[in-house]
Amino acid sequence: MYEYLETADPALVEAGKLKRVAVDPVSRVEGHGKVTLLLDENNQVQQARLHIVEFRGFEKFIQGRPYWELPVMVQRLCGICPVSHHLAAAKAIDQLVGVDPANLPPAADKLRRLLHFGQVLQSHALHFFHLSSPDLLFGFESEIGKRNIVAVLADYPDIGLQGVKLRKYGQEVIRMVCGKRIHGTGAIPGGMNKALSKDERDYLKQDIGQIVSWAQGALQLVTKVHTSNLPYYDDFATIRSNYLSLTKPDGALELYHGGIRVKNPQGETLVDHYDYCDYPELIREEVRSWTYMKFPYLTALGKADGWYRVGPLARVNNCDFIDTPLAEAARVEFKQHGGAAMVHSTLAFHWTRMIELLHCAESIQILLDDPDLLSHDLVAKGEKRYEGIGVIEAPRGTLFHHYQIDENDIVTKANLIVSTTSNNTAMNESVRQVAAEYLSGRELTEPLLNNLEVAIRAYDPCLSCATHAVGKMPLQLELVDVDGKLVDKLVRHSSGEFIHGSE
């Protein structure tokens, strides 16, 4: 792989023989990040890193809060995927009140699934049409004025408008279930706080046929774009990795609740239907000094070989089938295109994202005919527990929420492994692949540097969700005088050790 580009030769750095190029900020992603390159005198790339430069610290400040506040609080991690955090936290606090997923009332389970399908639908539509389609429609090195949704609406009005309306429908599903489109309230300990009314259900049924049709159109578009640009789209930013996702017991694609499946780059199953409550035995995380985002890896394989990818590409690669007919036909076509057990193309994230968009539209259509959505049997109760773990497939991949409480129902410990965190190593590897294969040795221009952003955007990262806990941040504080001369420096390493610049 391209690990050799993580850290440049210290001798070259000390000698001042490397020049620095920064893409700051990375645009058209959620949150704040940057890419830095170190180049030698021949413009050969010696180092490439994706840095996450913002800090949120949710794992720390939700400690000390009563557990029932969590499904509402953690939504504030993100305005794009609040429902994913809401439901992952809800699944964790279900356990705190003694309710396992199998014991959730059917109406509550189906309402949560409807809510989640709406969330994945709107998020996938937002990312594909608003954030990524300018690259796909105009080219990776197009003029900067073309790289936005306004240009898409001007040059491809039908495509742009369908993207806007697809996202709006997903947001309307969320509003009907939770009361508002962003940061609504729906899930409570052991269930849901309200059923759909008949009018709400009928309102959503009015347009679902059109939504399914538009989802098919979006899938046809991305399939055409990908297959018309071969082998480039199969090779760009592409790396070989392990894949992790949830699946149903029968191996079907699953977005709300299932067991963990892990496959290696050859498609061999390493773990199947693993109980996600035992995830601490499966996954560990490490911290590096140059970013606020952690690096998860599979414990059994170690840091060097255990990193993995999550998200639409992982889910479609890992599952045996999709239980809605149109999406399943699309999955079969996708796998036939790859011609191997696993499809590793990073740009295929877009293709699989639209397969899931169609699956969500089909699933919503099926659920809207289920009378349980109108049932008021919504809450189950059990015996109190002191630890709860909720795992869900967020739009960007597998999302873990883990809480411990005391006898007063106060949160004493919280750990979140966010989808983007799991993709951290992979995003860095893809950035390095692009830097090594497409940029190294060339005179770098702004359009050329957009290739780095294209690689990152394929993962649909949510950077504000993914920064890690207080107390583990490496930090460097510099005191500089009016002439720019360094007076003093204080460094805190990820271990917590402090070192003065003079030491």
Inset, instruction - Show your working on salt bridge (Lys or Arg N to Asp or Glu O under 4.0 Å) between Glu6 and Arg288 and close with a plain yes or no. - result: CA-CA 11 Å; Glu6 179 179 329; Arg288 299 179 190 173; 3.0 Å; yes
Legend entry - Test of ring centre spacing under 6.0 Å for Tyr459 and His350: no
Legend entry - Trace of the side chain to side chain donor-acceptor pair (under 3.5 Å) decision for His344 with Ser241: CA-CA 7 Å; His344 295 291; Ser241 68; 4.9 Å; no
Inset, instruction - Return the set of residues passing side-chain hydrogen bond (donor to acceptor under 3.5 Å, both in side chains) with Tyr67 (not counting sequence neighbours), or none when no residue passes. - result: none
Legend entry - Aromatic ring proximity, centroids under 6.0 angstrom, Trp351 and Phe334: yes
Inset, instruction - State, to 0.1 Å, how close Thr346 and Ile239 come at their nearest heavy-atom pair, and which atoms those are. - result: OG1-N, 4.2 Å
Inset, instruction - Can you run down the ring-ring contact (aromatic ring centres under 6.0 Å, His included) pairs that involve residues 71-122, sequence neighbours left out, and say none if there aren't any? - result: His85-His401, Phe117-His359
Legend entry - NZ/NE/NH1/NH2 to OD/OE distance under 4.0 Å, Glu59 and Lys294: yes
Legend entry - Salt bridge flag under 4.0 Å for residues Glu254 and Arg113: yes
Inset, instruction - Evaluate the criterion side-chain contact (heavy atoms from CB on, under 4.5 Å) for residue pair Asp275 and Ile260; output intermediate values, then yes/no. - result: CA-CA 7 Å; Asp275 185 349; Ile260 295 175; over 6 Å; no
Inset, instruction - Verify the neighbour count for atom NZ of Lys168: are there more than 12 heavy atoms of other residues, nucleotides or ligands below 6.0 Å? - result: no
Legend entry - Check: Thr247 and Ser245 side chains under 4.5 Å, non-hydrogen atoms: yes
Inset, instruction - Taking the side chain as every heavy atom from C-beta outward, state whether Asp135 and Arg147 have any atom pair closer than 4.5 Å. - result: yes
Inset, instruction - Give a yes-or-no answer on whether the side chains of Arg284 and Tyr297 include a donor-acceptor pair shorter than 3.5 Å. - result: no
Inset, instruction - For the pair Asp406 and Lys413, find out whether any cationic side-chain nitrogen is under 4.0 Å from an anionic carboxylate oxygen. - result: no
Legend entry - Inter-residue atom distance Met293.CE - Thr421.OG1, 0.5 Å rounding: 5.5 Å
Legend entry - Residue among Arg28, Arg457, His127 satisfying side chain to side chain donor-acceptor pair (under 3.5 Å) with Ser132: His127
Inset, instruction - Quick one: do Arg167 and Gln122 satisfy side chain to side chain donor-acceptor pair (under 3.5 Å)? Show the steps, please. - result: CA-CA 4 Å; Arg167 182 171 190 243; Gln122 70 85 18; 2.9 Å; yes
Inset, instruction - Check whether any side-chain heavy atom of Phe400 sits under 4.5 Å from a side-chain heavy atom of Ile283, and report yes or no. - result: yes
Legend entry - pair His51-Thr36: side-chain heavy atoms closer than 4.5 Å: yes
Inset, instruction - Specify the closest pair of heavy atoms between Cys277 and Ile389, including all atoms of both residues, with the distance to one decimal. - result: O-CD1, 3.2 Å
Inset, instruction - Kindly indicate whether the side chain of Asn415, heavy atoms from C-beta on, has any atom under 4.5 Å from the side chain of Tyr279. - result: yes
Legend entry - Residues Glu356 and Arg315 bridged, charged N to O under 4.0 Å: yes
Inset, instruction - Flag the pair Asn428 / Phe295 as yes when at least one side-chain heavy-atom distance between them is below 4.5 Å, and no otherwise. - result: yes
Inset, instruction - Would you indicate whether the side-chain heavy atoms of Ile392 and Leu255 approach each other to under 4.5 Å? - result: no
Legend entry - Carboxylate-amine/guanidinium contact Arg65 Asp409, below 4.0 Å: no
Inset, instruction - State whether Arg261 and Asp320 are salt-bridged, where the test is any N-O pair (Lys NZ or Arg NE/NH1/NH2 against Asp/Glu carboxylate O) under 4.0 Å. - result: yes
Legend entry - Note: Lys165-Asp207 ion pair, threshold 4.0 Å (strictly below): no
Inset, instruction - Flag this pair as yes if the NZ/CZ of Lys91 is under 6.0 angstrom from the six-membered ring centre of Tyr256 and inside a 45 degree cone about the axis; otherwise no. - result: yes
Legend entry - Check: Leu313 main-chain N/O paired with Thr352 side-chain donor or acceptor under 3.5 Å: yes
Inset, instruction - List the steps, then state whether salt bridge (Lys or Arg N to Asp or Glu O under 4.0 Å) holds for Arg181 with Glu172. - result: CA-CA 7 Å; Arg181 298 179 182 89; Glu172 285 298 279; 2.8 Å; yes
Legend entry - Expected output: side-chain Asn408 to main-chain Ile410 donor-acceptor under 3.5 Å: no
Legend entry - Step-by-step side chain to side chain donor-acceptor pair (under 3.5 Å) determination, Glu453 to Ser27: CA-CA 7 Å; Glu453 298 187 67; Ser27 61; 2.7 Å; yes
Legend entry - Least distance between heavy atoms, Gly163 atom then Ala125 atom: O-CB, 4.1 Å
Legend entry - Reference residue Ser84; test side-chain contact (heavy atoms from CB on, under 4.5 Å); the match among Gln119, Gln75, Glu393, Arg396: Gln119
Legend entry - Side-chain donor or acceptor of Tyr169 paired with backbone N/O of Val173 under 3.5 Å: no
Inset, instruction - Compute the centroid of each ring, for Tyr243 and then for Trp307, and state whether the two points are separated by less than 6.0 Å. - result: no
Legend entry - Residue pair Glu281 / Tyr274, side-chain heavy-atom distance below 4.5 Å: yes
Inset, instruction - Could you give me the CA-CA distance, side-chain angles and deciding distance for Trp214 and Phe128, then say whether ring-ring contact (aromatic ring centres under 6.0 Å, His included) is met? - result: CA-CA 13 Å; Trp214 283 339; Phe128 180 73; over 10 Å; no
Inset, instruction - List the steps and the verdict of side-chain contact (heavy atoms from CB on, under 4.5 Å) for Phe321 and Asp323. - result: CA-CA 6 Å; Phe321 66 98; Asp323 59 9; 4.1 Å; yes
